[in-house]
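Just so we're on the same page: letters track the sequence lines, and every chain starts at 1.
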Amino acid sequence: MEGRLQLVIATLTVISLAFVLELVRRRQLREKYALLWLAVGAVAVVLVAARPVLDRVSLFLGITYGPTTLFLFAILFLMAMVGHLSWEVSRLEGESRHLAEEIALLKARPPTNALAEEPAGSTD
Amino acid sequence: MVEGARLVLGAPVVVVDDGSTDATSDLARAAGATVLPLPFNLGVGGAIRTGIHYAVDNGYRYVLQLDGDGQHEPTEAKRLLEALDHDQADLVIGSRFASGYEVSRHRRAAMRVLSWVVSRRLRTRVTDTTSGFRAMGPRALELFAREYPLDYLSDTVEALLLAADAGLRVIEVDVVMHTRQGGRPSANRMSSAFHLSRLLLVIVLHSLRRRTPPA
């Protein structure tokens, strides 16, 4: 029973690792993220291969049921990841807004009305 | 609108086109304004920052900011500029309450709270903290070109706090305002309570933020 589950998880892990590598190969994923996900995959492999490791860590943390430890770390990791991504998105948004403003300044269109004087003064 | 501003103030007019899809841009240019076309909608804060940058880049020392929906009367704008000059203020806010501006009960309550908090911080009475009718002098321009808050409505409130931190002189002038000629009020879609809490958060965050020393 346990062996079959481990086989399934091992297969899934290998598939995800292959997927990450493929994305990096096509230059669709930055190396920093690739490294992160590869590390996650490596940890998963270790845990699958060595259940005792998980149990020992659980015992150390005072958790009686091994897999709970797995969930705990998985959730913590995902939270950290989402937090990091929000940070990145905020940064990117700030950058793209600056670019948009610069574009508007570069594309300034003069008045078509001949009577108009030199441009500039107030904003919308 | 543009013509009014141009004739009354005798100053060049810049219209920031925040990603509009109608003929706004062409009409404004035909009326004698320079148009700054933003590639996509940035919201009020972004539009104002763009306008301020334009003014600073082109060596202008005074900027009058007014909304494009016809709420702000160009003749009243003159009074803001006079106040800038006469009282040696760096930032003059046109308050809409003098003209019996009517808002919903909730919104008025929200504006009162904001007014109280901001007035305390600025040590001067500001009743209309979210007014988009403002005149800025050289010091205000220098500050806002460097940093201007971007989120909806917080641009107006937080800009006041930034000004206060930088030691700028802020005063409020009562002005007559019109009901808008076109477009929907941008605040009705979400509740006042939500905006109020967000703005109060902005104020709290602002006081926690590290002060950026003047360059």
Kindly indicate whether the side chain of [X], heavy atoms from C-beta on, has any atom under 4.5 Å from the side chain of [Y].
| X | Y | result |
| --- | --- | --- |
| L42(B) | E101(A) | yes |
| I103(A) | L38(B) | no |
| L36(B) | K107(A) | no |

Has [X] got more than 12 heavy atoms of other residues, nucleotides or ligands less than 6.0 Å from its [atom1]?
| X | atom1 | result |
| --- | --- | --- |
| F77(A) | CZ | yes |
| E31(A) | CD | no |
| R91(A) | CZ | yes |

query = So how far is it from R49(B) CZ to H98(A) NE2, rounded to the nearest 0.5 Å?
reply =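 The CZ atom of R49(B) sits 4.0 Å away from the NE2 atom of H98(A).
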Closest contact, heavy atoms only, S96(A) versus F40(B) =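 Of all heavy-atom pairs spanning S96(A) and F40(B), the closest is O-CZ, 4.0 Å.
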task = Might you point out which heavy atoms bring P39(B) and A100(A) nearest each other, and give the distance in Å?
result =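 Looking at all heavy atoms of both residues, the shortest contact is CD-O, 3.4 Å.
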